[in-house]
Every structure is written in structure tokens, then in C-alpha cells.
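The structure appears below as C-alpha cells.
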Amino acid sequence: MYNIVFIGPPGGGKGTQADMVCKDLNIPHISTGEIFRAMMKEGKSELADLVRSYVSKGELVPDEVVVDVLFDRISKDDCQNGYLLDGFPRSLNQAEVLDAKLKNSPLTHVILIDVDEELLFKRLTGRRTAVKSGKIYNIYFNPPKVEGKCDVSGEDLIIRDDDKPETVTNRMKVYKDQTMAAVEYYRAKKVLRVVRGEKNIDVVFAELKEVLKS
Ligand code: AP5
Ligand code: MG
């Protein structure tokens, strides 16, 4: 049984690795960021507008919204044999609420994918995303075979709205101000495992697989 959390700075590679790990372990990949992007894409609802007002500035969506969305998702049948959380928790309160919720089936692995700050900016501004296939590319580090097109689905690649330079800077600040407290919470509980995310994608994946074995 795997109840995994990937935590780490924006652009660290959580989504890239989560996609690979979840295929390997056959468990659902639950990204709160992806859930919010799907909500915003669906269009006009009060909730979508509220979410957009935070995500577009690189701020955290309020806990009462994100916690409901996450708990609703992990209560679904496909999560009964495990799941990987990508981007949740990202505050001390979220980490504590999650522990309380999972009393009977606690997290099995909490993994920090850590990357030096200078690299993150290029990772995020160079990111290109395929919405349908969920594949993530990078024009500098991990380009698609045909420029602007997904290797798997052929669809056009997009630039995420929150990858604008000014939003990226704020996301990094929010990570330091709020998410690092959740990292420290897990470190203090001695459950935090750290994998360096600067190496190439396959090397990081191999290291994650090792960590997930124990
Ligand atoms: P979210 O979508 O979770 O964004 P994030 O945490 O900022 O993380 P990213 O998706 O930007 O980075 P990543 O670590 O997944 O990296 P990736 O694999 O893409 O959240 C978005 C927003 O939603 C938040 O700002 C917030 O507003 C809201 N939200 C979400 N969860 C919330 C919560 N719990 N509470 C409150 N609000 C919440 O990789 C990045 C790039 O690098 C790609 O181009 C990739 O190709 C490249 N790359 C990856 N690995 C490597 C490598 N090893 N070598 C070279 N390049 C690499
Ligand atoms: Mg991501």
C-alpha cells in the first residue's frame, strides 16, 4: 500500500515524477494544482472564480476550499489501494489536518523533491504542458520531438498562466513562507525523505523508486 506525498518547490519536478511513479505503481496521481486548473478551465462558477483569484497571483487557495477538494478526491474508490498526493499539503495546517484525517491509514512516504532556487526559474518559464495527455515538457531541458506538440497526443502545448515571471517569483516566496513549515513538520516527525531534483529526469526517477522500496 502506498499513500505518498510529494512536496517541494514550484518547478521541482513533482508533476513530472508523479506521472511516472503512478504509472509504475498503478495508483492515482492527485495534484491539487491540476484539479484547480481543470476547475478554472470549465469556466464560470463562483468556486472557479475564487480559485482563479488566488492561483493567478501564485497565492495558496484557502485551506477550507483545498481541504474539501482533496478529501473528496481521496474518498473515491480508486484511492482505496493507495494514491500519490502532488502539491498537498503545502502549509503546516494542511499537513496537520491530513494526518488527523488519515489516522487509520497514514502516509507511507513523504518525499521532498528539492531543487536549487536558480534552476527553478528556468524550469518554470521553459515549461510547456499538454492538457489532455498530462505530459509536461521543457523547452530547455526536456523538449518535445516536434516543437509545440505533445509526443503522445500530438495536441498543442500550452504555457501555464501562473508561469509568468512575476507569478513565479511570488510562488517561490509562498513556498518559503508557508510550505517550508510543512516540510519542517515532517522532518521533525522523522518521516521526511529527501531526493535531489537537479539531476536528469530518469536519474531522479530511479532514486525515487529506491526510496519507495523502503
Ligand atoms: P501546482 O500545480 O501544484 O504548482 P507548483 O507546486 O507550483 O508546482 P509546479 O506544478 O509548478 O511544479 P512541479 O514540481 O510539478 O514541476 P514539473 O514536474 O511541472 O499548484 C498551482 C497553484 O494551485 C498554486 O500556486 C496554488 O495557487 C494552487 N494550489 C495547489 N495546491 C494547493 C494547496 N495544497 N493549497 C493551496 N493552494 C494550492 O516540472 C517543472 C519543469 O521542469 C517542467 O518544464 C519539466 O519538464 C522540467 N523538469 C522536471 N524535472 C526535471 C529534471 N529532472 N531536469 C530537467 N528539467 C526537469
Ligand atoms: Mg506540478
Side-chain angles (χ1 to χ4, degrees), residues 5-22 29-40 48 50-71 73-74 84-95 97-98 111-116 119-131 134-144 150-151 157-164 167-183 195-208:
V5 160
F6 278 1
I7 196 165
K14 301 181 295 296
T16 301
Q17 296 296 335
D19 186 45
M20 296 161 77
V21 166
C22 287
H29 172 192
I30 300 173
S31 157
T32 39
E34 287 300 332
I35 294 173
F36 291 144
R37 281 187 286 283
M39 242 182 222
M40 293 186 287
L50 177 93
V51 164
R52 192 176 292 109
S53 70
Y54 289 93
V55 174
S56 63
K57 293 197 282 278
E59 296 291 333
L60 295 188
V61 173
D63 284 354
E64 56 274 22
V65 175
V66 69
V67 165
D68 271 3
V69 163
L70 194 270
F71 289 176
R73 180 64 189 87
I74 61 176
L84 189 159
L85 305 184
D86 156 12
F88 187 99
R90 56 211 293 162
S91 68
L92 178 57
N93 180 56
Q94 288 181 14
V97 171
L98 183 64
I111 305 178
L112 168 65
I113 303 181
D114 209 2
V115 168
D116 265 356
L119 245 187
L120 294 174
F121 200 78
K122 208 164 175 185
R123 288 247 187 121
L124 290 171
T125 50
R127 173 163 54 195
R128 300 293 181 270
T129 309
V131 175
K135 298 296 287 178
I136 302 166
Y137 300 89
N138 192 288
I139 56 170
Y140 307 110
F141 307 118
N142 177 32
C150 176
D151 295 350
L157 302 179
I158 60 141
I159 300 179
R160 257 170 59 175
D161 284 343
D162 59 346
D163 283 345
K164 296 188 296 275
T167 315
V168 165
T169 306
N170 194 44
R171 283 163 59 203
M172 289 179 188
K173 181 173 184 312
V174 167
Y175 175 72
K176 283 189 206 151
D177 292 350
Q178 301 185 55
T179 309
M180 292 277 274
V183 172
V195 168
R196 297 303 313 174
E198 288 93 353
K199 296 169 205 154
N200 80 43
I201 290 173
D202 293 333
V203 175
V204 178
F205 180 55
E207 291 187 7
L208 282 169

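Small disclaimer: the values here were computed from a predicted structure and weren't measured. In each ligand, atom 1 is the first atom listed, and ligand 1 is the first ligand listed. Along the sequence shown, residues carry numbers from 1.
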Quick one: which ligand 1 atoms are inside 4.0 Å of a heavy atom on [X]?
{"X": "G197", "answer": "53 (N)"}
{"X": "K199", "answer": "52 (C), 53 (N), 54 (N)"}
{"X": "N200", "answer": "53 (N)"}
{"X": "L60", "answer": "36 (C), 37 (N)"}
{"X": "T32", "answer": "30 (C), 31 (N), 32 (C), 34 (N)"}
{"X": "V66", "answer": "33 (C), 34 (N), 35 (N)"}
{"X": "D162", "answer": "21 (C)"}
{"X": "G12", "answer": "14 (O), 16 (O)"}

How close does the nearest protein non-hydrogen atom get to [atom], and which residue and atom is it?
{"atom": "atom 6 (O) of ligand 1", "value": "R90 NH2, 2.7 Å"}
{"atom": "atom 11 (O) of ligand 1", "value": "R171 NH2, 2.5 Å"}
{"atom": "atom 55 (C) of ligand 1", "value": "F141 CB, 3.4 Å"}
{"atom": "atom 8 (O) of ligand 1", "value": "K14 NZ, 3.2 Å"}
{"atom": "atom 15 (O) of ligand 1", "value": "G15 N, 2.9 Å"}
{"atom": "atom 54 (N) of ligand 1", "value": "R123 NH2, 3.4 Å"}
{"atom": "atom 23 (O) of ligand 1", "value": "V55 CG2, 3.8 Å"}
{"atom": "atom 35 (N) of ligand 1", "value": "Q94 NE2, 2.9 Å"}

Would you check the N or O atoms of [X], main chain and side chain alike, for any that come under 3.5 Å of an N or O of ligand 1?
{"X": "R37", "value": "yes"}
{"X": "F36", "value": "no"}
{"X": "G13", "value": "yes"}
{"X": "R160", "value": "yes"}
{"X": "R127", "value": "yes"}

Heavy atoms only, cut-off 4.0 Å: how does [X] contact ligand 1, side chain, backbone, both, or neither?
{"X": "L124", "answer": "side chain"}
{"X": "E59", "answer": "backbone"}
{"X": "E198", "answer": "neither"}
{"X": "T16", "answer": "both"}
{"X": "L70", "answer": "neither"}
{"X": "Y137", "answer": "backbone"}
{"X": "V61", "answer": "both"}

Minimum-distance pair of heavy atoms, taken over all atoms of [X] and [Y]:
{"X": "Y140", "Y": "G126", "answer": "CE1-CA, 3.7 Å"}
{"X": "I7", "Y": "A182", "answer": "CD1-CB, 4.0 Å"}
{"X": "H29", "Y": "A18", "answer": "NE2-CB, 3.3 Å"}
{"X": "T32", "Y": "L70", "answer": "CG2-CD2, 4.2 Å"}
{"X": "L60", "Y": "Y54", "answer": "O-CD2, 3.3 Å"}
{"X": "Y175", "Y": "P10", "answer": "CB-CD, 3.9 Å"}

Drop me the distance from [X]'s [atom1] to [Y]'s [atom2], to the nearest 0.5 angstrom.
{"X": "K57", "Y": "D161", "atom1": "NZ", "atom2": "CG", "answer": "13.5 Å"}
{"X": "I35", "Y": "F88", "atom1": "CD1", "atom2": "CZ", "answer": "10.5 Å"}
{"X": "E59", "Y": "N170", "atom1": "CD", "atom2": "CG", "answer": "4.5 Å"}
{"X": "F121", "Y": "D163", "atom1": "CZ", "atom2": "CG", "answer": "10.0 Å"}
{"X": "L120", "Y": "D114", "atom1": "CG", "atom2": "CG", "answer": "8.5 Å"}

Would you say R73's side chain and I30's backbone share a donor-acceptor pair under 3.5 angstrom?
no
Check: K176 side chain, P9 main-chain N or O, donor-acceptor pair, under 3.5 Å
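No; judged by distance alone, with no hydrogens or angles, the pair does not exist.
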Contact between ligand 1 and [X] is defined here as a heavy atom of the residue under 4.0 Å from a ligand atom; is it met?
{"X": "K57", "value": "no"}
{"X": "P89", "value": "no"}
{"X": "Q17", "value": "no"}

Using heavy-atom distances only, which candidate in G11, S31, A182, P62 approaches atom 12 (O) of ligand 1 most closely?
G11
Option among I139, I158, N142, N138 that satisfies the side chain to side chain contact (heavy atoms under 4.5 Å, CB included) test with R128:
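Result: among I139, I158, N142, N138, I139 is the only option passing the side chain to side chain contact (heavy atoms under 4.5 Å, CB included) with R128.
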So, applying side chain to side chain donor-acceptor pair (under 3.5 Å) with E207, which one of R196, K199, Q17 is it?
K199
For the pair D116 and R123, find out whether any cationic side-chain nitrogen is under 4.0 Å from an anionic carboxylate oxygen.
no
Using a strict 4.0 Å threshold on nitrogen-to-oxygen distance, state whether K135 and D151 make a salt bridge.
no
